[in-house]
Amino acid sequence: MTQARQLQSLDMMVNMGPQHPSTHGVFRMVLWLDGEEVVDVEPHIGYLHRGSEKLAEDELYPQIITLFDRMDYVGNFNSELAFCMAVEKLMSVEVPERPQYLRIILCELNRISSHMLFYGTMGLDAGAMTPVMFGFRERERIQRLFEATSGARMMHNYFRIGGIKEEPPPDFKQRVAGVLGELDAGIDQCDKLLTYNEVYLMRTKDVGRISGKEALELGLTGPSLRASGVPYDVRVYEPYSLYNRFQFDIPVGNNGDVWDRYAVRVAEMRESVKIIRQALEQMPDGGPLVAQGVRRIPRPPKGETYLATESPRGELGVFIVSDGGDKPYRLKVRPPSFVNLQSLRPMLRNSYVADAVMILGSLDIILGEVDR
Amino acid sequence: MLNSFKGLGITLRTFLGKPVTAEYPKQHLPIQESFMGFPVLTWDPKVGEPYCVGCMVCIRMCPTQCMSATMKDNPLQKEGKSTRRKIVESFEINLGRCIVCGICEEVCAFDAITMSHFHELATVARNGRRVDLDRLLDLGKEYQHDSGWRPPTEIEKEKLAALKATQSAAAVAAPSSAGPATEPQTGGGA
């Protein structure tokens, strides 16, 4: 007893990143450790800062779509959609139905491909090397479909203000249906491979817990919030585009731990498949691809607008101020990754250093979006 | 313990199945038809000159300013061989800057620039990614030959004519079958 009192331990500062493979990009965490326990953490961001918001002030509206592609570089279609819809709202443009359905199909496919990447890296973070192979196998099917549709696997530049760029391939519907069939089996397989694996359960259950109240206070959105039991989804609570026409559930977790955040995303992939099936059924076969009266270089009227969409990571909002010119006066993005990162500190405190990587991974941040 | 073995079973089944990966440098996965590689300039074989007239629309619309061009009077027009009054004199694309967004192709009114299937950027020369007019046209000819490229405006015109023909045929539906209905079927591949 007396001896124990004499031993004094000092917190050790450990620098994790920015070149650490498990930080999912160039992200730096400064961890203060007491033995194996994390006492405090200080996230350092900005290594991938490209000044997209400022750049956007000097680019024409159609050119800004390419910037949005590079913001959330795993959910490209979802970022493009947020920007295009914000400008459409500013110009009060009514987008025809067919491009709307096509956008939803592509966005939901993108959500699946993004979650598949999350699934793979989550496995890697936990020390399982196999899931990433399965995740990327499924992702590849979607990516190939994107290549056939937009011409690019990642940086599509396919959505336009008021519609989409060009006609998808003639066999688009059949191809999507085929991919969905493969995905059904693929998601089940991925699920079986990792979700209830004993080792994985031990690594993830009750790790990095956050209550629903705390999550809301921190501004957490997306699957990470829903894992804490708050059924908030922009697609349901503030339906944009045609999302009010689809029947789908919001997967919700109970504990708000790493496993819940993982399981919610796996469940969400199945919901996305459901949405795409319904969209394929409802989609009209012909019709204009771009709204009438939208010029190639649009000049939205003077004013400002904010529009929120549900990206794979959470609420992606775009705020635009227009002075009536062909370039926005100011553009602000509310990136879900950046805001979700605020909850890293409460989650990491009093957890073990081995779980730090898991907790960071479970937030599914994309550094391109955090830093912009 | 059971679930871990279930997972192992999946691994084992996949292990025995056909591999889904490709050994990249030795084996290339097929490129989709609509794939957008780097932009190239197209060649008009009927006249024997590039489609590009150097109007600089693509250069002004490029988000990364990776291109530059100059134009000159077309010598072939004076000889009466070409309808293009101006023609491109020099054209340079810095492929290292290009982000393959496809805006240049979209804004081009002369079918002069198109997104090819060329996408492998490794070069031995330090300035190997700055491609000039000759190289762009070579790449363009290669792409035109391989993919059967046709000017998009021509395809658009044909589509319009076909649409008109069907509409008029449907509208008339009378004994006098429209003459131009057979016209749009001419003009095959490149």
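Chain identifiers are assigned alphabetically (A, B, ...) following the order of the sequence lines, protein sequences preceding nucleic acid strands; residue numbering begins at 1 within each chain. Everything numeric in this text was worked out from a predicted model, so none of it was measured.
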Item to complete: Answer yes or no: is there a side-chain heavy-atom contact under 4.5 Å between L145(A) and L109(A)?
Response: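 In contact.
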
Worksheet item: Is there a side-chain contact between V88(B) and Y51(B) (heavy atoms, below 4.5 Å)?
Response: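 Sidechains of Y51(B) and V88(B): no contact.
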
Among [options], single out the residue with the greatest number of heavy-atom pairs under 4.5 Å to chain A.
{"options": "V100(B), T14(B), T64(B)", "result": "T14(B)"}
{"options": "K6(B), M61(B), E33(B)", "result": "M61(B)"}
{"options": "I103(B), I99(B), V20(B), T11(B)", "result": "I99(B)"}
{"options": "G9(B), G7(B), S4(B)", "result": "S4(B)"}

Worksheet, complete the sentence: Against chain B, residues from residues 55-63 of chain A with at least one heavy atom under 4.5 Å, in numeric order, are E59(A), L60(A), P62(A), Q63(A)

Practice prompt. Determine the minimum heavy-atom distance between G75(A) and N110(A), stating which atoms define it.
Written response: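 For G75(A) versus N110(A), the nearest heavy atoms are C-OD1, 3.5 Å.
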
Worksheet entry | Nearest atoms (heavy-atom pairs only) where R160(A) meets E88(A) |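 Closest pair (atom of R160(A), atom of E88(A), distance): O-OE2, 3.6 Å.
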
Contacting region of [X] [heavy-atom separation from chain A under 4.5 Å]:
{"X": "L29(B)", "result": "side chain"}
{"X": "M115(B)", "result": "neither"}
{"X": "T21(B)", "result": "neither"}

Can [X] and [Y] be counted as having a side-chain donor-acceptor contact under 3.5 angstrom?
{"X": "S68(B)", "Y": "E92(B)", "value": "no"}
{"X": "T195(A)", "Y": "Y262(A)", "value": "yes"}
{"X": "S82(B)", "Y": "Q77(B)", "value": "no"}

Item to complete: Could you look at I297(A) and say if it's the side chain, the backbone, both or neither that has a heavy atom under 4.5 Å from chain B?
Response: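 Only the side chain of I297(A) comes within 4.5 Å of chain B.
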
Worksheet entry | Residues, nucleotides or ligands: over 12 heavy atoms within 6.0 Å of Q292(A) CD |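 Result for CD/Q292(A): open.
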
Item to complete: Look at atom NZ of K192(A) and say whether more than 12 heavy atoms of other residues, nucleotides or ligands are closer to it than 6.0 Å.
Response: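 No, not enclosed.
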
Result block: side-chain N/O donor-acceptor pairs under 3.5 angstrom for residues 120-141 of chain A, not counting sequence neighbours:
{"from": "T121(A)", "atom 1": "OG1", "to": "L117(A)", "atom 2": "O", "distance (Å)": "3.0"}
{"from": "T121(A)", "atom 1": "OG1", "to": "F118(A)", "atom 2": "O", "distance (Å)": "3.0"}
{"from": "D125(A)", "atom 1": "OD2", "to": "H24(A)", "atom 2": "NE2", "distance (Å)": "3.0"}
{"from": "R137(A)", "atom 1": "NH2", "to": "Q189(A)", "atom 2": "OE1", "distance (Å)": "2.6"}
{"from": "E138(A)", "atom 1": "OE1", "to": "R141(A)", "atom 2": "NE", "distance (Å)": "3.1"}
{"from": "E138(A)", "atom 1": "OE2", "to": "R141(A)", "atom 2": "NH2", "distance (Å)": "3.3"}
{"from": "R139(A)", "atom 1": "NE", "to": "S113(A)", "atom 2": "O", "distance (Å)": "3.3"}
{"from": "E140(A)", "atom 1": "OE1", "to": "R153(A)", "atom 2": "NH2", "distance (Å)": "3.1"}
{"from": "E140(A)", "atom 1": "OE2", "to": "R153(A)", "atom 2": "NH1", "distance (Å)": "3.0"}

Worksheet item: Based on non-hydrogen pairs under 4.5 Å, which of L194(A), N157(A), D69(A) is most in contact with chain B?
Response: N157(A)

